[in-house]
Amino acid sequence: MPPSVKFAKVKFHYNTPIPTGASMQGYIIWIQKQKSEDLIIQILTPTELKTLYRFYGARHSIIHLGRKIDFTQEHNGIFMPKLRNIMHLGFSWEREAERLYVWQRFTLLLHRHLRDISVIDEEYFRILDSGAHRLGSQNPKRVALEMYAQILQLEGRNPLSQRCIICERGFGEEGDSSVRESIQQGFLDIGADSGARDRARETARLIPHANTPIRVLHAFVSAHVECATGEILPYGKLESYLRSASTIALDDEEIERAYRVLLCGM
Ligand SMILES: [Zn+2]
């Protein structure tokens, strides 16, 4: 009589030698439940985005989205590598619902952003680790926004443009005309040659006033207020945030608006 599938499975688990790897640290950025209550877990470590399997067991209380863990990986070369020897490296803010919620949403955004990547730059872990250490004492949405701006810089993405993504005209065209005229005048005073005058006009057309309202779209791509719908931030504050990866220029209401943009995706 052939052994049942179930028997073969049990025999396989207990009799196959499994090499044990060195322990490492990482953040759980995604969890998917399986039918049998097993879990597939994605962990961001300093060098890799690991997708590991966790069989159902009594110690599952350790596994929660966003947590930092110390763990080992065991692989028999056939099935998905297994998550073993888990230790929770806790932060005090994990007991505060709002901080934990913002953190978990950020890790899910990061999971979606990195979904097809396995080998990653160490800086992703460093950004997440630095954010986790600041989360206990700072506004969690500010921490999330600052981590995101750091990721944009790491990836060499600068979504801030001097031209509207929709109509491709300069933001200065919709700004404060008196400011533009004074800039033009300043350039015009330098000399009378037409090339300088044209360049001055072009600069004035592109440079918006710091208070110029900008429509901030998905991934912080910018547009004229009249060209799109969505959240609005002043150009100067948006520029300051993206350039410095600091939210210090944004007031609490602007943080809420910027955070809603972040939730649309990285
Ligand atoms: Zn436009």
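Whatever order the structure lists ligands and atoms in, that order sets their numbers, starting from 1.
Each protein N, O or S atom less than 2.8 Å from the Zn ion (ligand 1) was counted, giving 4.
In this pair, Phe220 and Tyr148 present their aromatic rings tilted. The plane angle is within the 30 to 60° band.
Note on residues 112-122: pairs passing side-chain hydrogen bond (donor to acceptor under 3.5 Å, both in side chains), not counting sequence neighbours, are His113-Glu155. Identified under the salt bridge (Lys or Arg N to Asp or Glu O under 4.0 Å) test for residues 238-258, with sequence neighbours left out: Lys141-Glu256, Arg142-Asp252, Lys237-Glu254, Glu239-Arg243, Glu253-Arg257.
In this structure, the side chain of Trp93 engages the main chain of Ala132 through a donor-acceptor pair within 3.5 Å. Counting only distance, with no hydrogens or angles, the side chain of His209 and the backbone of Asn211 share a donor-acceptor pair below 3.5 Å.
Counting side-chain heavy-atom gaps under 4.5 Å among Ile, Leu, Val, Met, Phe, Trp and Tyr, the cluster of Ile232 also holds Val225.
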